[in-house]
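Lettering follows sequence order; numbering is per chain, from 1. No hydrogens, no waters, no symmetry mates; every other heavy atom, side chains included, goes into these values.
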Amino acid sequence: MSSEVRADTKIKEERSAKSKRKKKKKTSDPFGGWRESLAGWLFIAPMFIGTSILVIFPIVASLALSFTDWNFVSGYANASFIGFDNFIALFNDDVFLKSLGNNFIVLIAIPITLILSLGIAVIINKYIFFKDLFKVIFFMPFISSVVAVAVVFRVLFHPSEGPVNQFLMSIGIDNPPGWIADTTYALPSVMIILIWTSIGFNLIIYLAGLQNIPKELYEAAQIDGASAWYQFTKITIPLVSPTTFLLFVTGLIASFKIFDLIIVLTEGGPANSTNIPVVYLYQQAFIELKTGYSSAIALVMFVIILVITYLQFIGQKKWVNY
Amino acid sequence: MTQSFDFRRLTMTIIMALIGILFMAPFFWMVSASLKVEEEVLTFPIQWIPNTWNAIENYHEVWTGSLPFLMLYWNSIKVTVLTTLTSVFVSSLAAYGFAKINFKGRDLVFIIVLATYMIPPQTLLVTQFLLYRWLGLYDTHTGLILLNSFSVFGTFMLRQFYLGVSNEIIESARMDGAGHFRIFASIALPLVRPAIATYAILRFIWTWNDFQYPLIFLRSEALYTIQLGVSSFADEHGSIYSLMMAASVSAIIPLLIIFVIGQKQVIEGIQLGGVKG
């Protein structure tokens, strides 16, 4: 704790002249000092203690567990340190590698979602009546229970009797895809549902982003006789790029958390074609009971998320047009 | 000019309405199938209005059958309401602390808390499970409530609002001898009430829809929440689609009602927070 406090005071000392002036004012503040610090810590205590026990401690513990061969059934005594064996096994595990690959394929859904959401957002924002009603319609899948949605799509995507394939056959497609029952189409089916459920969220954020574009830009373009398409590509797209970037990163991080949908829809099948690391982690931990091995998967996930977060910091400077 | 413009707008509205109907089709199909007799669920072309109504029988079976939804509802309402109250309390206190009290170590703690937000929660399940077994919180509603009570999203979102509370008001209250708890309870909290309402609705929706924590941390059927119930109901009655749809409708509809009532708050809250968590 004291090193944290010291680090923080150091940061404070390094701040600009302006905040130094502020700080001087603060020291003359009769409410500074230890009482203020105590009050601060008391206010954040429930949150900080809860997060420490339920998040920070588990991270540290899984770090330690990932170097053991422990499983739930054998007692603590039977756990032994096995070095990097779990990680070596993991990167020779075809199912894990496939699940990792699947997760990267799922990322294709992000740009598709972004394009559809931006398109709908622009139309809702400018070209139609009953804006609020349409917002609610497109937002509904996002707030609906993923479990119930997955149950519904299990029936809709049924290969022989499902309404989707009956419709396809009625319009003359004799061999429609088997959707979630077919190893080739299972992952695309998951992605379709994912796009359907996430358009609402992306749309709402885009609508907020569109409000920030100055109206004068469009008025000037109209005077110059620019077409709607030209305005869209030359004004809207560049000016919502910060929003696009935010949504891209959010989508990227969310895609590593897809759990409910896959568990209820396919349980990672058929033949692991929809398995992704978090689902595989669950299977290894709670069905195969390999605690050490599943902790190694968790650790690999931490590293991936860390890398993405780092790339996000760099990317923000390079690609975003403010 | 205005007339032709309105005409274009009307055409666009109609086109979007058609897209909207297509977008909602899975919901319509779900509701319609839940009202039918089993033999008619998969007839094609789809009969949106059932030929033979079987709604009462279907819902009666779902609500009072082997895994009664009445019990699931009660469990879900209990867990969701208590989680929402705890989470709003915890996040609100922390948000005030992070926004309005200048204490040592604040920025570092805030960064640590914020960083945990990126981590996929599934990676923590194993150690949380071990911890819960050890603490005796496994297979209890208390344990489940605690899991969703320490929200980084809530703390971050409410902090943004507390930052907007003017410092002059707080300083002058302190001059009058009020402590931070008094200021928090009688000045700051009332000022950010709309934000708290927004967060409470969001937390309610997310907790109601939560599936993975009940799946891992509940074992007794008597403690099941609605999402866990729908999933095991679907596994049990997997071939009786009309019942599965009645179960799905039962899981979605109450939430849709809450959403439609609070939609303005929900949408604004999402726009402000920017992310789900």
Side-chain angles (χ1 to χ4, degrees), chain A residues 4-5 7-8 26 31 36-37 39-41 43-44 46-48 50-51 54-55 58 61-62 123 127-129 134-138 143-148 151-152 155-156 161 163 166 170 201 204-205 208 246 250 253 256-257 259-260 264 278 281-282 285 291 294-295 298 301-302 305 309, chain B residues 9 12-13 16 20 23-24 26 29-30 42 44 46 90-91 93-94 96-98 101-109 113 116 118-120 122-128 147 149-150 155 174 180 205 209 211-212 216 227 230-231 234 241 244 248 251-252 255 259-260 263 267 270-271 274-275:
Chain A
E4 280 176 18
V5 174
D8 189 54
K26 272 276 155 3
F31 310 117
E36 190 80 357
S37 281
W41 280 100
F43 266 91
I44 64 156
M47 178 71 192
F48 189 58
T51 311
L54 289 174
V55 181
S62 62
I123 293 171
Y127 299 106
I128 58 168
F129 300 112
F134 281 100
K135 274 192 224 170
V136 171
I137 288 176
F138 286 103
I143 59 129
S144 298
S145 136
V146 175
V147 176
V151 167
V152 173
V155 185
L156 290 178
E161 302 171 306
Q166 291 211 42
S170 77
F201 170 74
I204 295 301
I205 306 284
L246 168 83
T250 321
I253 289 165
F256 288 95
K257 299 180 183 176
F259 182 78
D260 304 5
V264 182
V278 286
L281 186 155
Y282 162 77
T291 313
S294 60
S295 300
M301 297 305 292
F302 292 152
I305 294 295
T309 314
Chain B
R9 190 168 260 236
M12 279 310 264
T13 308
M16 279 304 275
F23 200 80
M24 298 276 286
W29 191 85
M30 170 185 79
L42 293 172
F44 196 82
I46 298 166
V90 169
S91 286
L93 270 183
Y96 179 86
F98 283 128
I101 307 178
N102 207 354
F103 61 97
K104 282 179 181 168
R106 179 183 71 178
D107 298 346
L108 187 70
V109 175
V113 169
T116 63
M118 300 284 182
I119 295 163
Q122 296 85 5
T123 57
L124 307 173
L125 289 177
V126 176
T127 27
Q128 283 171 341
L147 280 165
S149 287
F150 306 100
T155 307
R174 303 216 63 193
H180 272 300
I205 292 174
N209 283 340
F211 172 66
Q212 85 193 20
I216 307 287
Q227 306 307 330
V230 171
S231 140
Y241 296 145
M244 270 165 68
S248 299
I252 289 181
L255 212 59
F259 169 62
V260 170
Q263 46 119 341
I267 287 174
I270 298 254
Q271 286 174 337
V275 263

Atom [atom1] in [X], atom [atom2] in [Y]: separation rounded to 0.5 Å?
X        : Y        : atom1 : atom2 : value
A:Phe48  : B:Leu93  : CZ    : CG    : 15.5 Å
B:Met118 : A:Thr250 : CE    : OG1   : 8.5 Å
A:Ile137 : B:Met24  : CD1   : CE    : 5.5 Å
A:Leu281 : B:Gln122 : CG    : CD    : 8.0 Å

Using a cut-off of under 4.5 Å for heavy-atom pairs, which of B:Leu255, B:Val230, B:Ile267 has the most such pairs with chain A?
B:Ile267
Chain A shares the most heavy-atom pairs under 4.5 Å, among B:Ser91, B:Gly97, B:Ser248, B:Gly20, with B:Ser248
Which bit of [X] comes within less than 4.5 Å of chain A, counting heavy atoms only: side chain, backbone, both or neither?
X        : answer
B:Gln227 : both
B:Leu125 : both
B:Tyr241 : side chain
B:Leu147 : both
B:Ile205 : side chain
B:Ser231 : both

Residue pair A:Val136, B:Phe259: steps toward the side chain to side chain contact (heavy atoms under 4.5 Å, CB included) verdict:
CA-CA 9 Å; A:Val136 171; B:Phe259 169 62; 3.7 Å; yes
Using 30° and 60° as the class limits, which term best fits the ring planes of A:Phe43 and B:Tyr96: parallel, tilted or perpendicular?
tilted
Contact origin within A:Phe302 toward chain B - heavy atom pairs under 4.5 Å:
side chain
Would you mind checking which part of A:Phe138 comes under 4.5 Å of any heavy atom in chain B, side chain (CB onward), backbone (N, CA, C, O), both or neither?
both
Is [Y] close to [X] at the side-chain level, that is, under 4.5 Å between some pair of heavy atoms?
X        : Y        : value
B:Phe211 : A:Val264 : yes
B:Phe150 : A:Val55  : no
B:Ile101 : A:Trp41  : no

Out of [options], return the one with the most heavy atom pairs under 4.5 angstrom to chain B.
options                                : result
A:Ser145, A:Ser170, A:Ala285, A:Ala208 : A:Ser145
A:Ser294, A:Ala61, A:Pro163            : A:Pro163
A:Ser295, A:Ala39, A:Ser144, A:Pro46   : A:Ser144
A:Thr291, A:Leu156, A:Ile253           : A:Leu156

Using atom types as modelled and distance alone, determine if a side-chain donor or acceptor of [X] lies under 3.5 Å from a backbone N or O of [Y].
X        : Y        : value
A:Gln166 : B:Ile46  : no
B:Asn209 : A:Ile143 : yes
B:Gln128 : A:Leu54  : yes
B:Thr127 : A:Ser62  : no

Minimal non-hydrogen separation, A:Val278 against B:Pro120, with atom names
CG1-CB, 4.2 Å
For B:Thr155 and A:Ile44, run side chain to side chain contact (heavy atoms under 4.5 Å, CB included): C-alpha distance rounded to whole Å, both residues' side-chain angles, the deciding distance at 0.1 Å, then the answer.
CA-CA 10 Å; B:Thr155 307; A:Ile44 64 156; over 6 Å; no
